[in-house]
Each structure stands twice: as structure tokens, then as C-alpha cells.
Amino acid sequence: MKKFATWNVNSLSIRLPQVLDWLAAHPVDALVLQETKLTDDKFPTMEIGEAGYQVQWFGQKTYNGVALISRETATDVVKNITGFADEQARVIAGTVGGVRVIGGYFPNGQAPDSEKFVYKMNWLTGLRNWLTEEMKAHENLVLMGDFNIAPEDRDVYDPIAWAGQIHCTPQEREHFQQLIGLGLTDAFRLFEQPPKSWSWWDYRNLAFRKNQGLRIDHILVSEALKPRVTACEIDKLPRKNERPSDHAPVIVTIDG
DNA sequence: ATGGCACCGCCCCGGTGA
């Protein structure tokens with residue numbers, strides 16, 4: 001049995017104790033982090049090592065930043081999207097126990113009429129092109145992270161208010177479907193799930209207490225892995241911590 | 001209702017996030 005997880009921690013320096021606690025309670029094979037917000041020289045390698053994990057990291061100042069924490073050493077590590085020049089640190093990939101693990105912090109996009117939305121669209125195209133090659137090379141593959149896309153209306157607490165807004169535009173949803181079209185499956189939807197399942201809640205307006213959120217953090221699995229997936233859950237517990245990230249971890253369990 | 005909250009940095013305010 002294998003477990004893989006993703007978590008946008010919104011600053012690893014603030015959240016490191018929570019990440020270590022979470023790993024102690026959830027001994028996963030690999031955990032990808034987003035929004036570490038750390039330059040590489042400040043990455044807490046030692047603390048993670050002392051917890052019994054290996055780690056690969058890829059950061060920048062102030063924004064973005066990703067990491068791949070794993071029990072076994074990750075091999076063939078790739079940072080960012082091959083073939084897509086990017087100033088921003090958003091992707092880290094590695095092979096862990098025969099599974100290609102790709103962690104991504106997808107661009108937010110800010111607003112559908114902004115430059116950042118154009119970047120998001122280009123980034124998604126670049127990701128898809130690269131992924132096509134990655135999938136040819138690795139039949140066992142998981143793509144996980146903060147997609148910043150709510151794939152369907154049932155992934156949005158108020159789909160009417162959010163219609164056409166960032167995370168919910170037809171263009172973003174089309175990109176999500178194109179990733180699915182490569183032969184990937186949204187592991188969360190392989191199972192009956194509680195209605196109003198979200199992975200992110202705004203810090204403001206008591207959104208978590210009112211359960212007003214979005215499901216924008218996802219785990220996509222390749223065809224070869226799909227029949228082996230036995231569970232996929234959002235762990236809301238860390239969102240109840242004292243200084244929580246605004247995102248919750250998502251975990252997938254794979255048989256064999 | 002364009003605010004709300006949290007995080008970062010050249011740091012008591014502005015940019016960004018979602």
C-alpha cells in the first residue's frame with residue numbers, strides 16, 4: 001500500500017511544525033508542498049531529515065516554492081516544466097518507489113481579464129505538453145497539487161456567485177478536462193464523497209466555520225494506477241489548527 | 001458591498017493570494 005499527499009502550506013517557515021506533526025500522524029510515501037515561500041538556502045532540510053524523510057526543494061523569494069518530501073529517495077528530479085521557461089518556482093517531480101510523483105503549484109490567475117490569467121493559460125498548456133512526455137515515460141504517475149481550478153460547480157460553495165470568476169472560468173475548466181483527456185483521473189471523484197467537500201477556505205468571513213470553500217487541490221492518477229486506488233480524502237483537521245494554512249491536505253491511498 | 005485575513009518584505013504599508 002502506498003500513500004501520496006499534497007498540501008499548500010502557505011509559508012513553510014510558519015507551518016513547519018504543523019507539517020512535521022502531520023507527517024508523524026500520516027506516514028505517507030510522498031508529500032508535495034506548495035507555497036513554501038522560501039529561498040533554497042532557507043529550506044529546513046535538517047528538520048525534515050530528522051523526522052525520517054528525504055526532501056527535494058525548489059523555491060524563490062517571497063512567493064511560490066514547492067517541495068517533494070518522501071520516505072525513499074526521489075530519483076530523476078525535475079524542477080519546473082521542461083520546455084516551458086518560467087521565472088516562478090511551481091513544479092517539482094521525482095520518482096518514488098516506482099511512481100512518478102509530480103507536485104505543482106498552478107498559477108492563481110488573479111482575474112480572467114488579467115495578464116496573470118494569460119500566464120496561467122500558457123502555463124497550463126506548457127504543463128500539458130510536458131506531461132504528455134512524462135506519461136509516456138512513466139505509466140505509474142500521480143499529478144497533485146494546488147491546481148487553482150474548481151473543476152465543476154459541485155466543487156464550489158456558491159457556484160452562482162463564482163460563475164465565470166477565477167478558478168471557475170470555462171477556460172480553466174477546459175484545461176482541467178484536457179489533463180483528464182491525457183488519461184488521468186481525479187482520484188477524489190472515484191469515491192462517494194460528502195457533499196460540500198472543499199480543500200480551501202478563505203481566511204476571512206469565518207469561511208471555514210461556515211464551510212464556504214472551494215475544491216482546488218487535486219490528485220490525478222494515471223490509468224495504470226487508477227484500478228489500484230482504494231481511497232482519496234481531504235484532511236480537514238489541520239485547518240482547525242491555531243495558525244492554519246488556508247488549504248487542507250489531500251491524500252490518496254494506492255493498493256499494492 | 002472589492003471589504004474581510006494572512007503572509008512576505010527592505011518592514012507600519014503595499015503586493016499577492018483565492
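Chain letters run A, B, ... following the sequence lines, proteins first and then strands; every chain starts at 1. Side chains are part of it too, since the values below use all heavy atoms of this structure and drop only hydrogens, waters and symmetry mates.
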Value in whole Å for how far the P atom of B:dT16 lies from CG of A:Asp246: 17 Å

Short side-chain N/O contact to B:dA18 OP1/OP2 from A:Asn8, under 4.0 Å: yes

5' precedence on DNA chain B between A:Leu214 and A:Ser11 (nearest-nucleotide basis): A:Ser11

Between B:dC7 and B:dC12 - C1' atom distance, rounded Å: 15 Å

Candidates A:Arg215, A:Arg239, A:Gln193 - the one meeting side-chain contact (heavy atoms from CB on, under 4.5 Å) with A:Ile234: A:Arg215

Any donor-acceptor N/O pair, A:Tyr157 side chain to A:Lys210 backbone, under 3.5 Å: no

Whichever hydrophobic residues join A:Val28 through chains of side-chain contacts under 4.5 Å: A:Trp7, A:Val9, A:Leu12, A:Leu16, A:Val19, A:Leu20, A:Trp22, A:Leu23, A:Leu31, A:Leu33, A:Leu38, A:Phe43, A:Ile48, A:Tyr53, A:Val55, A:Trp57, A:Ile69, A:Ile251

Among B:dA6, B:dA18, B:dC8, the nucleotide that comes nearest once only the side chain of A:Ser13 is considered: B:dC8

Short side-chain N/O contact to B:dG17 OP1/OP2 from A:Arg204, under 4.0 Å: no

Nearest non-hydrogen partners of A:Gln60 and A:Glu87, listed with the distance: OE1-O, 4.1 Å

What's touching nucleotides 10-13 of chain B from the protein side, N or O pairs under 3.5 Å?
| residue | atom | partner | partner atom | Å |
| --- | --- | --- | --- | --- |
| B:dC10 | N4 | A:Lys61 | NZ | 3.2 |

Separation of atom CH2 in A:Trp200 from atom C1' in B:dA18, rounded to whole Å: 4 Å

Touch class at under 4.0 angstrom, heavy-atom based, for A:Leu206 against every strand present: nothing

Short side-chain to backbone donor-acceptor contact, A:Asn80 and A:Arg90, under 3.5 Å: yes

Whole-Å distance separating the CD atom of A:Gln88 from the P atom of B:dG15: 17 Å

Full working for side chain to side chain donor-acceptor pair (under 3.5 Å) between A:Asn10 and A:Lys37: CA-CA 7 Å; A:Asn10 184 17; A:Lys37 297 188 176 179; 2.9 Å; yes

Residue pair A:Ile102 / A:Arg100, side-chain heavy-atom distance below 4.5 Å: yes

Rounded distance (Å) that lies between atom P of B:dG17 and atom CH2 of A:Trp162: 13 Å

Atom P, compared across B:dT16 and B:dC11: separation rounded to whole Å: 16 Å

Distance, rounded to the nearest Å, where A:Gln60 contributes CD and B:dC8 contributes P: 14 Å

Pairwise P distance, B:dA18 and B:dT2 [rounded to whole Å]: 22 Å

Heavy-atom donor-acceptor pair, A:Asn108 side-chain to B:dA18 base, under 3.5 Å: yes

Listed partners of A:Phe106 passing ring-ring contact (aromatic ring centres under 6.0 Å, His included), at least two apart: A:Trp123, A:Phe147

Nucleotide of B:dT16, B:dA18, B:dC8 approaching A:Tyr63 most closely (side-chain heavy atoms): B:dT16

Sugar-phosphate only, base, or nothing, as touched by A:Asp146 at under 4.0 Å among non-hydrogen atoms: sugar-phosphate

Residue-phosphate contact under 4.0 Å: A:Arg243 side-chain N/O, B:dC5 OP1/OP2: no

N or O in side chain of A:Asn148 less than 4.0 angstrom from B:dA18 OP1/OP2: yes

Under 4.0 angstrom between A:Lys116 side-chain N/O and B:dT16 OP1 or OP2: yes

Given B:dG17, B:dC7, B:dG4, the nucleotide with the shortest approach to the side chain of A:Asn205: B:dG4

A:Lys37 NZ - B:dA18 P separation (whole Å): 8 Å

B:dG15 to B:dC10 separation - C1' atoms, rounded to the nearest Å: 14 Å

Interatomic distance where CD1 belongs to A:Ile14 and C1' belongs to B:dG9 [whole Å]: 13 Å

Closest listed nucleotide, where the reference is the side chain of A:Gln110 and the choices are B:dA6, B:dC8, B:dG17: B:dG17

First encountered from the 5' end of DNA chain B, between A:His247 and A:Tyr203: A:Tyr203

Audit row: A:Arg15, A:Asp21, salt bridge (Lys or Arg N to Asp or Glu O under 4.0 Å) steps and yes/no: CA-CA 10 Å; A:Arg15 232 66 68 190; A:Asp21 283 352; over 6 Å; no

Euclidean distance for C1', B:dG14 against B:dA1 (whole angstrom): 23 Å

Nucleotide B:dC7, atom P - distance to CG of A:Leu38 in whole Å: 13 Å

Touch class at under 4.0 angstrom, heavy-atom based, for A:Tyr105 against every strand present: sugar-phosphate

